[in-house]
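First the structure, in the form of structure tokens, and then the observations on it.
Labels below follow one simple rule: chain letters A, B, ... track the order of the sequence lines, proteins then strands, and each chain is numbered from 1. Just so it is clear, the model here is predicted, and its values are computed rather than measured.
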Amino acid sequence: MSRVVFLEDRCKGCRLCVAACPVQILRPSGRFNHHGYEVMEMSGTCTGCASCAVMCPDVAIRVFRTAKSRGHAA
Amino acid sequence: MDARNLENLLRPAEGETLVFDTNPVLNERLTHYCPGCLHGIAHRLVSETLHELGVAERTILVAAVGCATFTYDYFNVDGLEAPHGRACAVATGVRRARPEAVIFTYQGDGDMAAIGMAESLHAANRGERITSFFINNTVYGMTGGQMAPTTLLGQKTTTTHDGRRMDREGGPVHLAEMMAGLDGVAFAARCALDSVKHVREAKKAMRKAFEVQLEGLGFGFLELLSSCPTNWHMDPVAASKHIVEAMIPVFPLGVFKDKTADSPSVVQKEGVPHA
Amino acid sequence: MNPVERILIKGNEAVAFGAVDAGCRCYFGYPITPQNEIPEALSQLLPERGGQFVQAESEVAAVNMLLGAAACGIPAMTSSSGCGISLMQEGISYMAGSHIPGVLVNMQRGGPGLGDIGPSQGDYFQAVKGGGHGDHRNLVLAPSTAQECYDFMFRAFALAFKYTNPVMVLGDAIVGQIKEPVRRVPPSDAVPGEELARLAAPWRMEGYGQRGAGAQPRLLKSVYLAEGALAERNQLLAEKYEAMRSECAWECVDVDDATLVVVAFGSIARIARSTIRRLRAEGHRVGLFRPVTLFPFPSEALRSLLPGRRFLVMEQNLGQMVEDVRQALFGMPHVTSDTVKWHGIMPGLFINADELREPMMQSLKEVR
């Protein structure tokens with residue numbers, strides 16, 4: 001399974017990643033970073049398409065893809 | 001999440017490839033932009049493009065005034081501040097002093113299409129070998145949501161309380177089309193930052209906008225439709241939807257001029273000045 | 001002096017020759033009378049030497065092009081007059097705030113507004129008090145001959161790079177248009193181009209790759225929002241303006257035995273000089289004090305002429321430099337309200353030496 005890593009200190013809680021995810025596996029986590037922004041979490045099977053990272057204005061997401069995953073990066 | 005945990009997460013496991021990462025031209029500073037502001041995406045695209053072209057070490061950024069005033073804080077390139085609207089004039093001076101440098105301006109709609117309209121169009125008309133990025137989000141962000149030259153008809157701002165009116169404020173300025181009409185412009189396009197598809201298109205157009213400079217063809221211009229969740233009083237996701245629903249119908253996307261060799265337009269290659 | 005070395009040119013052309021000989025590489029400007037010979041000459045001279053000439057779409061654009069080129073550490077300049085210089089104030093303020101060495105020439109014309117194209121010294125305040133927004137000062141040089149137009153361009157670039165500050169050469173329609181012999185030889189205070197480049201090396205815009213491995217990106221800016229940050233920057237400016245005092249320059253003519261000293265600069269100084277020569281021939285004890293730097297104002301040199309002398313300020317405006325003269329002498333022993341008199345000439349008028357005779361005679365009578 002591919003995965004995304006949130007650099008939570010960079011997150012501003014805008015949720016553009018949540019909206020961008022084609023398989024809808026991202027969601028608000030209920031946790032807040034030291035800026036006071038609610039950070040996101042992954043729950044489900046990631047395809048490694050990196051849509052979330054492409055749409056993140058704060059470059060707060062890294063994407064790791066496994067060979068078997070489908071999808072393509074920016 | 002503690003730092004050690006993050007470090008572990010950022011280490012690729014067996015069979016994993018890091019397919020999305022930042023790049024060395026974009027520094028690690030967190031931007032001052034509001035949550036959901038698309039300046040951050042534009043910054044990343046510019047930095048990636050400079051990195052991929054391998055020109056960052058000879059790049060000089062000329063910053064504008066507005067939300068983009070502090071653009072230079074986020075790029076690992078030499079940065080110069082310009083007075084409000086004058087970035088293209090300042091960039092002209094830099095160009096004439098440093099023929100070997102790669103030069104770009106990064107300007108908002110108020111900066112480039114209102115107070116700096118003259119400097120922008122004339123630099124473009126001279127065919128200055130510079131690349132300009134025009135962030136159009138239809139509103140003055142930094143000063144608190146006043147009318148911009150690109151404000152849509154009917155759009156409410158803090159200086160058009162009942163919405164912009166054609167008979168009072170005139171209509172939104174279409175800068176990409178105006179740029180395309182100038183002989184010195186080698187590339188003029190409008191893209192949007194609302195979605196993955198449009199962002200990928202924007203990246204390609206951005207590369208073109210730099211390439212015309214590197215190839216000495218003239219002025220490179222790229223308008224980027226962006227949002228302002230704060231002054232539009234929308235959440236970021238709704239704001240991006242608004243780009244598609246309200247802005248693109250008024251500001252059509254596309255390449256309005258392209259003088260590069262692989263340009264699909266035969267007409268331009270025959271020398272007709274207006275795309 | 002070898003007569004071959006002297007060429008007959010206008011003050012404006014002398015500015016252009018002086019600029020290229022001093023190492024100017026870029027010119028940006030917009031046409032305005034009475035200084036058009038400057039861009040016209042430089043549009044030929046600079047490209048011949050591998051330099052750049054740009055006719056800008058406005059003075060606003062021109063001064064910002066200057067900002068851009070000067071920020072790269074390249075000797076660059078603009079020129080204009082009156083209303084055009086007003087339009088440049090934004091860029092001048094930004095250059096001062098960002099510590100960028102722009103050179104500007106103002107061949108003053110009559111104002112306010114569109115005024116006329118005759119001589120004037122009405123931009124004195126604008127030039128020496130800053131002119132743009134915020135606390136900033138220009139170094140101001142006031143040539144009174146075509147020769148000085150040539151020579152002062154060298155000093156202008158040297159000072160601009162020494163202080164990373166705007167320098168203004170303040171002439172007028174007479175200084176710019178008068179045609180006289182000029183010796184086209186670098187003056188003794190000329191600074192070689194390599195030295196200017198050396199001075200610019202620590203701050204110029206060039207791309208970090210030009211500075212070798214591990215070089216950090218640079219930033220030139222004037223905005224400092226963090227609390228206390230702007231105060232620090234302005235403190236730097238204050239110290240710089242204080243240091244500029246060492247650049248004070250002036251000329252004294254026949255002051256040793258004078259009871260009356262005329263204080264005048266630029267074209268009015270040279271006209272007054274003729275009047276003084278005639279009055280001297282008649283036995284009157286009158287001399288001339290001519291500030292060459294208007295900022296910094298040569299206050300100490302003026303004070304050294306106290307006591308025992310009175311001063312008559314003559315200038316082509318409604319009373320501007322007289323304030324700096326009074327300020328220079330304020331509080332000194334024996335200085336009274338009669339110590340400094342003022343005679344103004346209306347901007348736009350072409351006067352001759354005879355017209356300055358009467359006010360000088362009047363003041364001489366009061367001295368007795």
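With rounding to the nearest 0.5 Å, the separation of CG in Leu225(C) from NE2 in His32(B) is 9.5 Å. Between atom CG of residue Leu219(C) and atom CG of residue Leu80(B) there is a gap of 8.5 Å, rounded to the nearest 0.5 Å. One distance of note links CD of Glu119(B) with CG of Asn64(C); it measures 7.0 Å at 0.5 Å rounding.
With a 4.5 Å cut-off on non-hydrogen atoms, Ala56(B) touches chain C through its backbone and its side chain both. Only the side chain of Ile60(B) comes within less than 4.5 Å of a heavy atom in chain C; its backbone stays farther off. Within the 4.5 angstrom heavy-atom criterion, only side-chain atoms of Ile74(C), from C-beta onward, approach chain B. Both the backbone and the side chain of Cys72(C) come within contact range of chain B, judged by heavy atoms closer than 4.5 Å. Neither the backbone nor the side chain of Leu66(C) comes within less than 4.5 Å of any heavy atom in chain B. For Ala71(C), the part lying under 4.5 angstrom from a heavy atom of chain B is the side chain only. Neither the backbone nor the side chain of Asn125(B) comes within contact range of chain C, judged by heavy atoms closer than 4.5 Å. Both the backbone and the side chain of Tyr208(C) come within less than 4.5 Å of a heavy atom of chain B. Interface remark: Ser93(C) contributes no atoms to any contact with chain B (heavy atom separation under 4.5 Å). Contacts between Arg95(B) and chain C at a heavy-atom distance below 4.5 Å are absent for every atom of the residue.
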Test side-chain contact (heavy atoms from CB on, under 4.5 Å) applied to Arg96(B) and Phe53(C), step by step:
CA-CA 9 Å; Arg96(B) 300 309 178 109; Phe53(C) 172 90; over 6 Å; no

Could you walk me through whether Arg86(B) and Met65(C) pass the side-chain contact (heavy atoms from CB on, under 4.5 Å) check?
CA-CA 9 Å; Arg86(B) 319 299 178 215; Met65(C) 292 173 189; over 6 Å; no

Are Val223(C) and Val65(B) close enough, and set up right, to give a side-chain contact (heavy atoms from CB on, under 4.5 Å), and what steps lead you there?
CA-CA 10 Å; Val223(C) 61; Val65(B) 171; over 6 Å; no

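Judged by distance alone, the side chain of Arg25(C) and the main-chain N or O of Ala97(B) form no donor-acceptor pair under 3.5 Å. The closest donor-acceptor contact from the side chain of Glu81(B) to the backbone of Leu220(C) lies at 3.5 Å or more, if one exists at all. Under the 3.5 Å distance criterion, the side-chain polar atoms of Glu57(B) are left unmatched by any main-chain donor or acceptor of Gln210(C).
When the shell of 6.0 Å around CD of Glu239(C) is examined, it contains more than 12 heavy atoms from other residues, nucleotides or ligands. The 12-atom threshold is not exceeded at CD of Glu227(C), counting heavy atoms of other residues, nucleotides or ligands nearer than 6.0 Å. Heavy atoms of other residues, nucleotides or ligands lying less than 6.0 angstrom from CG of Asp135(C) number 12 at most. Atom CD of Gln44(C) has 12 or fewer neighbouring heavy atoms from other residues, nucleotides or ligands inside a 6.0 Å radius. Counting non-hydrogen atoms of neighbouring residues, nucleotides and ligands closer than 6.0 angstrom, the CD atom of Glu232(C) reaches no more than 12 such neighbours.
Ion pair Arg211(C)/Asp78(B) flagged as a salt bridge, since at least one NZ, NE, NH1 or NH2 atom sits closer than 4.0 Å to an Asp/Glu carboxylate oxygen. Salt bridge annotation for Arg58(B)-Glu206(C): absent, with no cationic side-chain nitrogen under 4.0 angstrom from a carboxylate oxygen.
Heavy-atom pairs under 4.5 Å with chain C peak, among Thr92(B), Thr59(B), Val77(B), at Val77(B). For the set Val63(C), Val54(C), Ile100(C), the entry with the most heavy-atom pairs within less than 4.5 Å of chain B is Val54(C).
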